[in-house]
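What follows is one structure encoded as structure tokens, with my remarks underneath.
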There are 2 protein chains.
Amino acid sequence: MSADAWDRDLVPDQAGRTVKPDPTCPVEVALAAIAGRWTTLLLRDLMAGPRSFGEIRAALPTLSDKVLVDRLRDLQSRGLVDRRVHTGFPTRTTYALTPAGVQLRPLLIQLYETGRSLMAASESDGR
Amino acid sequence: MSADAWDRDLVPDQAGRTVKPDPTCPVEVALAAIAGRWTTLLLRDLMAGPRSFGEIRAALPTLSDKVLVDRLRDLQSRGLVDRRVHTGFPTRTTYALTPAGVQLRPLLIQLYETGRSLMAASESDGR
DNA sequence: CAGTATCCCTGTTGATACTG
DNA sequence: CAGTATCAACAGGGATACTG
């Protein structure tokens with residue numbers, strides 16, 4: 001039993017054999033995409049379709065403008081969200097997931113399922 | 001098309017209908033379990049079997065003792081890692097995933113796969 | 001409507017040194 | 001071997017007020 005025998009399901013290739021936090025590791029790429037408070041809630045909303053700035057604010061009323069803009073800009077810079085400004089006044093902007101952004105869907109589902117299973121586990125052991 | 005029509009795959013039940021960060025939301029439970037720098041690397045190591053403190057240090061040489069202890073204690077407090085002190089001198093301690101901890105495995109795999117798919121997407125669109 | 005601009009506060013990380 | 005104790009540095013988050 002060697003300590004270097006990598007688990008092929010968990011670490012299928014070289015990119016996962018990191019020995020310190022590394023932004024090029026796939027796991028970190030995925031984590032970076034969903035990182036930050038409010039991000040998964042925002043993504044959940046966008047998964048249902050394009051949204052305007054105001055619609056997001058209405059859906060997440062206690063999220064500050066600043067953080068909302070931070071999140072949207074970050075997702076944009078990663079190519080996960082597309083920002084489209086509609087001409088006219090008042091200005092209207094819609095945010096929509098890109099095809100890459102939609103690829104986060106299975107991850108969000110897995111997060112939910114894992115969370116449920118952890119909650120079930122800690123319930124049965126009284127934690 | 002109602003804005004209240006929840007996606008049953010993404011948000012299967014009431015616990016996912018949160019409007020602000022909420023530690024009882026399954027997604028947040030799962031995120032909390034893997035949160036923090038170094039945590040996924042540590043979990044990857046423990047997924048391969050029980051490890052002593054020194055073995056983990058050897059596997060992750062630039063991780064400081066302080067942060068390693070922080071991570072292990074946090075995982076312990078969530079019931080994901082079991083700490084076992086072996087009598088004798090020098091002291092030997094082994095850390096192992098609990099059954100609940102092992103349940104994080106599909107999540108780590110999904111993180112890896114999502115990361116790979118995001119990397120492939122940004123490669124093809126030149127980002 | 002859809003943002004910007006500041007400022008502050010807090011938690012997290014990490015380096016270093018020490019101990020049962 | 002397996003930690004503990006301090007402390008300094010930094011980044012993230014949020015409140016508030018203002019603008020094209």
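Here is how names work: the chains are called A, B, and so on, in the same order as the sequence lines, proteins then strands, and each is numbered from 1.
Taking CG of B:Leu63 as the start and CD1 of B:Ile56 as the end, the distance is 8.5 Å to the nearest 0.5 Å. Interatomic distance, CD1 of B:Ile34 versus CZ of B:Arg71, reported as 12.0 Å (0.5 Å rounding).
Remark: B:Arg84 engages B:Asp82 in a salt bridge (Lys or Arg N to Asp or Glu O under 4.0 Å) (not counting sequence neighbours). Residues forming a side chain to side chain contact (heavy atoms under 4.5 Å, CB included) with A:Thr87 (at least two apart in sequence, or on another chain): none. Every residue two or more places apart in sequence or in another chain that forms a salt bridge (Lys or Arg N to Asp or Glu O under 4.0 Å) with A:Arg105 is listed here: B:Asp7, B:Asp9. Every residue two or more places apart in sequence or in another chain that forms a side chain to side chain contact (heavy atoms under 4.5 Å, CB included) with A:Val69 is listed here: A:Phe53, A:Arg73.
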So if I define the base as every atom that isn't primed, P, OP1 or OP2, how would nucleotides 2-17 of chain D read as a B/S/- string at a heavy-atom cutoff under 4.0 Å? BBB-B------BBB--
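Separating the CG atom of A:Leu68 from the C1' atom of C:dC1 is a distance of 13 Å, rounded to the nearest angstrom.
Judged by distance alone, the side chains of A:Asp45 and A:Tyr95 never bring a donor and an acceptor atom under 3.5 Å apart.
Under a hydrophobic clustering in which Ile, Leu, Val, Met, Phe, Trp and Tyr are joined whenever their side-chain heavy atoms come within less than 4.5 Å, directly or via other members, B:Leu31 and B:Val19 fall into different clusters.
Comparing the helix axis at one end of the helix from C:dC1-D:dG20 to C:dG20-D:dC1 with that at the other, each defined from 5 consecutive pairs, gives an inter-axis angle of 50° (nearest 10°).
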